Amino acid sequence: MKPHSTPHNSELLELRDNIASQLGKQGVVILPPMDIEMSSRLLLTLGFHAQCCILDPWYNKGVGGVREDYDEFLPQLLRYVAPLSDHVFLWGFPEIVARFVRMLPEPLTLKCWLTWFYKNSPSRIRGWRSAQMTCLHLTTPKAVMHVENFLNDVQREKLQQGKLLYIPGPPSVIEESLLCGFVGRNEQTGHPSQKPLSVIEKTLLMATARGELAIDLMSGSGTTGEACMANERFAILCDISEEYTRIAEERLGVARIEVEESLLALLPSAEHRLPHEHVALPTKHPRPAVGRLQGHRNQLDLEME
Ligand SMILES: C[S@@+](CC[C@H](N)C(=O)[O-])C[C@H]1O[C@@H](n2cnc3c(N)ncnc32)[C@H](O)[C@@H]1O
């Protein structure tokens, strides 16, 4: 990051325009490495608002960082992102995230307890072998559920004929092999805690329509970015680690944008919000969807068919 003197609204506006313009060109913006407290404050100050936020922190077990202040840290994470997104997906071990279900900051409430079931966890433990992770699907009152993205061809046809009495949603248990285990090598980037694309994709598609925004401020290897690129959603990513930011850049073919240090230094102290409504996103996504998920068309697709 470049050192600089005093920041002004004009610099914030310039940064906001730069982010919006990069979204229009690449679909994904990678911020320079910073703590989620700072990145969430930055996006709020600039006026970005997302439909989907993926929150996938390290846990105090397995690989990754260990935090003494864990019980305070997790609700804090939710407070950072609650004003930024309509849907928040908090990933974690069930016995850990369960403690926080009753401590959700307003306006978030629990929409669904999702389970990711993986069969192939590599382990020499004698006894129960881990095969599940939890994702708390949290929503604000404004959140829209996009169940139409999960229709298969037959259901879509019935919907068009007016014969689908209700739109069925996907199951709350997502079955997918563990990426960092023995399979999915073609997706692996070297990040020790990378989630499979198809797992993140399901949460993204439930929360967004084509052309909407997802943020992931603990983005690791950039899985959320790849899911967004594949499905014509915009993404803003950030991670505290230089090493993982580089991995995400390489994986997505997107270079991080520059942010003046002086801008960040101003943020914690001031009520510094740009006078505006939410930032308007580009009207057109630069990358066509590759349609990886079966039957994941959204309302726009249905209307066009
Ligand atoms: C479980 S990994 C995320 C993996 C990611 N979902 C993927 O598929 O690659 C957690 C990430 O949070 C980042 N992280 C940890 N503490 C952070 C903080 N305070 N602010 C921002 N990122 C942080 C770590 O560097 C790590 O990459």
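Note that ligands are numbered from 1 as they come in the structure, with each ligand's atoms numbered from 1 the same way. Everything numeric in this text was worked out from a predicted model, so none of it was measured.
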Trainee: Name the residue from Gln188, Arg251, Glu250 that meets the side chain to side chain donor-acceptor pair (under 3.5 Å) definition with Ser221.
Mentor: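 In the set Gln188, Arg251, Glu250, the residue that makes a side chain to side chain donor-acceptor pair (under 3.5 Å) with Ser221 is Arg251.
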
Trainee: Are Glu176 and Ser198 linked by a side-chain donor-acceptor pair shorter than 3.5 Å?
Mentor: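 Yes.
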
Trainee: Hey, is Glu157 close enough to Lys163 for a salt bridge, meaning N to O under 4.0 Å?
Mentor: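 Looking at Glu157 and Lys163, the cut-off is not met.
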
Trainee: Step by step, work out the salt bridge (Lys or Arg N to Asp or Glu O under 4.0 Å) result for Arg233 and Glu212.
Mentor: CA-CA 5 Å; Arg233 273 69 175 167; Glu212 291 189 325; over 6 Å; no

Trainee: Side chains of residues 234-248: which donor-acceptor partners sit under 3.5 Å, not counting sequence neighbours?
Mentor:
from, atom 1, to, atom 2, distance (Å)
Asp239, OD1, Ser241, N, 2.9
Asp239, OD2, Ser219, N, 3.4
Asp239, OD2, Gly220, N, 2.7
Ser241, OG, Glu243, N, 3.2
Ser241, OG, Tyr244, N, 2.9
Glu242, OE1, Arg256, NH1, 2.9
Glu242, OE2, Arg246, NE, 3.0
Glu242, OE2, Arg246, NH2, 3.2
Glu242, OE2, Arg256, NH2, 2.9
Thr245, OG1, Ser241, O, 2.6

Trainee: Please round to the nearest 0.5 Å and tell me the distance separating atom OG of Ser177 and atom CZ of Phe117.
Mentor: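 Ser177 atom OG to Phe117 atom CZ measures 9.5 Å (nearest 0.5 Å).
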
Trainee: Considering only heavy atoms, which protein residues lie less than 4.0 Å from any atom of ligand 1?
Mentor: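 Shell around ligand 1 (4.0 Å, heavy atoms): Met34, Asp35, Ile36, Asp56, Pro57, Trp58, His191, Ser193, Gln194, Lys195, Leu217, Met218, Ser219, Gly220, Ser221, Thr223, Asp239, Ile240, Ser241, Tyr244.
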
